[in-house]
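Before I ask anything, here is the structure I am working with.
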Amino acid sequence: MSDSRLPTNSLAKSPTGISGFDDLTLGGLPKGRPTLVCGTAGCGKTLFAATFLVHGARELDEPGVFVSFEERPSDIVENVASLGFDLETLIETEKVVIEHIVVDPSEVAEIGDFDLEGLFLRLELAIDSIGAKRVVLDTIESLFSAFTNQAVLRAEIRRLFDWLKDRGLTTVITGERGDGALTRQGLEEYVSDCVLLLDHRVQNQISTRRLRIVKYRGSSHGTNEYPFLIDQGGFSVLPVSSLGLNHRVFDERVSTGVADLDAMVGGGGFHRGTSVLISGVAGSGKSSLAASFVDAACKADQKALYFSFEESQDQTVRNMRSLGVNLGKHIADGKLRYVAARPTFYSLEMHLALMLREALAFKPDVFVLDPLSAFTETGNRTEVHAMLLRIVDFLKSEGITGVLTHLTQSGQTVIETDSGLSSLMDAWILLLNRESNGEFNRELYLLKARGLSHSNQVREFVMSSEGIRLLLPYTGQGQALTGAARRAAEAEERRQERQREIEAEKAQRQIEQRRRRTAAQIEILRSELEADEVELQGLVRTETDRRVQIETDEAEMRKSRGN
């Protein structure tokens, strides 16, 4: 989170190095002030404090002092090594000092003005030896176990906090959760400038760790509960509840891996950052379509993150080979990260935290969650809806294209199955199995595609070794037919078309015959006309000759008469 969000007169902060926590607090813990980290046993107080101390020493050149009132230094070094922290090297280079102070109540007698002056002297000596800027006191209950006088105890607690603040030391003090109060003494939370509550709860036999910022003087901060993780990747907090609707939008297209489906949205696929819901009954092809998204992304030299809660990596790789999709190659090339887990292994919040942390680390272009409906057994509908909302907001804020599958039960209606889920998604693809004429056929419906002109036609969903194809159904006779019914209808249509062609050819032959007969008749009439013309010409010549002869004869007769 950028510093531009902080006002110019904001409280100085000390980064903790804990992923997500510095975002929640807009920079970290209050610099030069004490912070109380309280919680029950096993919630992660010591590891939080150790992460804060190591980050300052290793990354910010702020040496630190770790004062332990319970664990021995060797135990602390060994414990934090599981987080990847090399405390031994930091101790050798005088970046960190570990002080182990044992307070035995049986050896302490409260006489007169007994106080913590001895602790202050040891602290000051350790601080000065390395020029420490950060201090950890773990845990404060062990220190005050020697006091039975509550008045003296409260005075010493306040004096300790004031002593640390006067020296400008950024301090983390851990404390055990009290009965009815944040701490056992009930005072530390009032004199601390910042109070963090860590909680480790178990619900339905599933454990979840959560963090809440109870108080932070002089600074704004997130106030919700946030899940956090402690594993080989360290201590990490995910501020998922603080995500909003200020994400970017993209005109860039992301292919679905199915050319026919890309064509249904105008070619090129969906916009980058789109959240696509693929819902359908079992066996309708949801995972296969999701794998096509992944395959297309990896072939385009992009990265994909695939979370499966039903199938192992090897099983999915084998199954997708039947479609000509080689996910194994993408995994070997580092373009695809496949994470398989049982949905009941963690709580919803913990699964969410793990998924988002993996996404932040891997930085994928395509994110697949298969299936979302696997979580319906670990949480109620409201919790699953909240989880989906957080995932969608996160993916949009990172410009990641999300593909989430959802199993619908046979016999349920679309509204009953996906109400509350589809409304959050930018695109919704529904896959159904239709029974007709003794066979099941898969159908694809593109119900929604925000920002894209898209086809409203039902397509037959066909899977083969050559991949996925979407066929136009037969829409004659006022109904859409698929599978064998479509093929039979198309065959009948082809037969009828051929019959029409035969009838047309027959009519054409008849017309040709009539044309030839007519032409022959015309030729006969033309011949007869020519003969008549010849006869007429003969008659005309004969008449002409007759007249000439008559005139000649008359002329000769007149001459013979002497006329």
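Here, residue 1 is the first one in the sequence, and each next residue gets the next number.
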- Query: If you count the non-hydrogen atoms of other residues, nucleotides and ligands that lie under 6.0 Å from CD in Q315, is the total more than 12?
  - Reply: yes
- Message: Less than 4.5 Å apart, side chain to side chain, heavy atoms only: is that true for H454 and M264?
- Response: no
- Item | Any side-chain heavy-atom pair of I468 and L261 under 4.5 Å | no
- Item | Single hit among M425, K286, H406 for side-chain contact (heavy atoms from CB on, under 4.5 Å) with I278 | K286
- Item | Heavy-atom neighbours of R469 CZ exceed 12 at 6.0 Å | no
- Taking all heavy atoms of W428 and all of S279, pick out the closest pair and write down the distance. NE1-OG, 2.8 Å
- Query: Just checking, is any N or O donor in the side chain of D370 or T405 under 3.5 Å from an acceptor N or O on the other one?
  - Reply: yes
- Query: Is the closest side-chain heavy-atom distance between L196 and L29 below 4.5 Å?
  - Reply: yes
- Task: Establish, yes or no, whether the cationic atom of R337 lies under 6.0 Å from the six-membered ring centre of F362 and within 45° of the ring axis.
- Result: no
- Task: Mark yes or no for whether T274, through its side chain, and V276, through its backbone, hold a donor-acceptor pair below 3.5 Å.
- Result: no
- Message: Quick one: does any side-chain atom of D262 pair with a main-chain N or O of G268 as donor and acceptor, under 3.5 Å?
- Response: no
- Verdict with supporting geometry, V392 and L389, side-chain contact (heavy atoms from CB on, under 4.5 Å): CA-CA 5 Å; V392 170; L389 176 61; 5.6 Å; no
- Query: Within the side chain of S373, is there an N or O that forms a donor-acceptor pair under 3.5 Å with the backbone of L407?
  - Reply: yes
- Query: So, for L431 and G285, which heavy atoms are closest and what is the spacing to 0.1 Å?
  - Reply: CD1-C, 3.6 Å
- Query: Are S308 and Y338 side-chain neighbours, meaning at least one heavy-atom pair lies under 4.5 Å?
  - Reply: yes
- Message: Given 3.5 Å as the limit, does a donor-acceptor pair link the side chain of T408 with the main chain of G280, or not?
- Response: yes
- Under 4.5 Å between any side-chain heavy atoms of F52 and I18, yes or no? no
- Locate the shortest heavy-atom distance separating H271 from G451; write the atom from each residue and the value. CE1-O, 3.6 Å
- Task: Measure across R134 and S14 and return the closest heavy-atom pair with its distance rounded to 0.1 Å.
- Result: NH2-CB, 3.8 Å
- Message: Tell me the closest heavy-atom pair linking D22 and G28, and the distance in Å.
- Response: OD1-CA, 3.3 Å
- For K329 and K335, what are the C-alpha separation, side-chain angles and deciding distance, and is it a side-chain contact (heavy atoms from CB on, under 4.5 Å)? CA-CA 9 Å; K329 179 180 184 301; K335 295 179 181 178; 5.8 Å; no
- Answer with yes or no after comparing the ring centroid distance for F48 and F228 against a 6.0 Å cut-off, counting only values under it. no
- Task: Apply side-chain contact (heavy atoms from CB on, under 4.5 Å) to N79 and T46, showing your working.
- Result: CA-CA 10 Å; N79 292 342; T46 301; over 6 Å; no
- If you round to the nearest 0.5 Å, how far is CZ of R357 from CG of L360? 10.0 Å
- Verify the neighbour count for atom CZ of R342: are there more than 12 heavy atoms of other residues, nucleotides or ligands below 6.0 Å? no
- Starting at CG of L395, measure out to OG1 of T401 and round the result to the nearest 0.5 Å. 9.0 Å
- Query: What closest approach, in Å, do C38 and K45 show between heavy atoms, and which atom pair accounts for it?
  - Reply: C-CD, 3.8 Å
- Using a cut-off of 6.0 Å, state whether more than 12 heavy atoms not belonging to E466 lie near its atom CD. no
- Query: With a 4.5 Å limit on heavy-atom distance, are the side chains of V254 and F270 in contact?
  - Reply: no
- Task: Would you mind reporting whether L356 and E398 have side-chain heavy atoms less than 4.5 Å apart?
- Result: no
- Item | Geometric cation-pi criterion K13 and Y216, 6.0 Å radius, 45° cone | yes
- Task: Look only at the side chain of R253 and the backbone of G269, and say whether a donor-acceptor pair between them is shorter than 3.5 Å.
- Result: yes
- Task: State the CG-NZ distance between L53 and K95, to the nearest 0.5 angstrom.
- Result: 12.0 Å
- Query: Roughly how far apart are H55 NE2 and T16 OG1, rounded to 0.5 Å?
  - Reply: 7.0 Å
- Measure from the side-chain N and O atoms of T170 to the backbone N and O of R33, and report whether any donor-acceptor pair falls under 3.5 Å. no
- Task: Check the pair I391 / L352 against side-chain contact (heavy atoms from CB on, under 4.5 Å), numbers first and verdict last.
- Result: CA-CA 7 Å; I391 291 176; L352 175 65; 3.4 Å; yes
- Message: With rounding to the nearest 0.5 angstrom, report the CZ to OG distance, F461 to S288.
- Response: 6.0 Å
- Task: Any chance you could lay out the ring pair (Phe, Tyr, Trp, His ring centres under 6.0 Å) test for H351 and F307, step after step, and finish with the verdict?
- Result: CA-CA 10 Å; H351 272 297; F307 282 94; 8.8 Å; no
- Message: Once rounded to the nearest 0.5 Å, what's the spacing between atom CD1 of I76 and atom CD of E71?
- Response: 5.5 Å
- Query: Do T35 and P30 come close enough that some side-chain heavy atom pair is under 4.5 Å?
  - Reply: yes
- Decide salt bridge (charged side-chain N to carboxylate O under 4.0 Å, His left out) for K448 and D426; before the verdict, give the C-alpha distance in whole Å, the side-chain angles of both, and the deciding distance to 0.1 Å. CA-CA 7 Å; K448 179 170 66 172; D426 299 308; over 6 Å; no
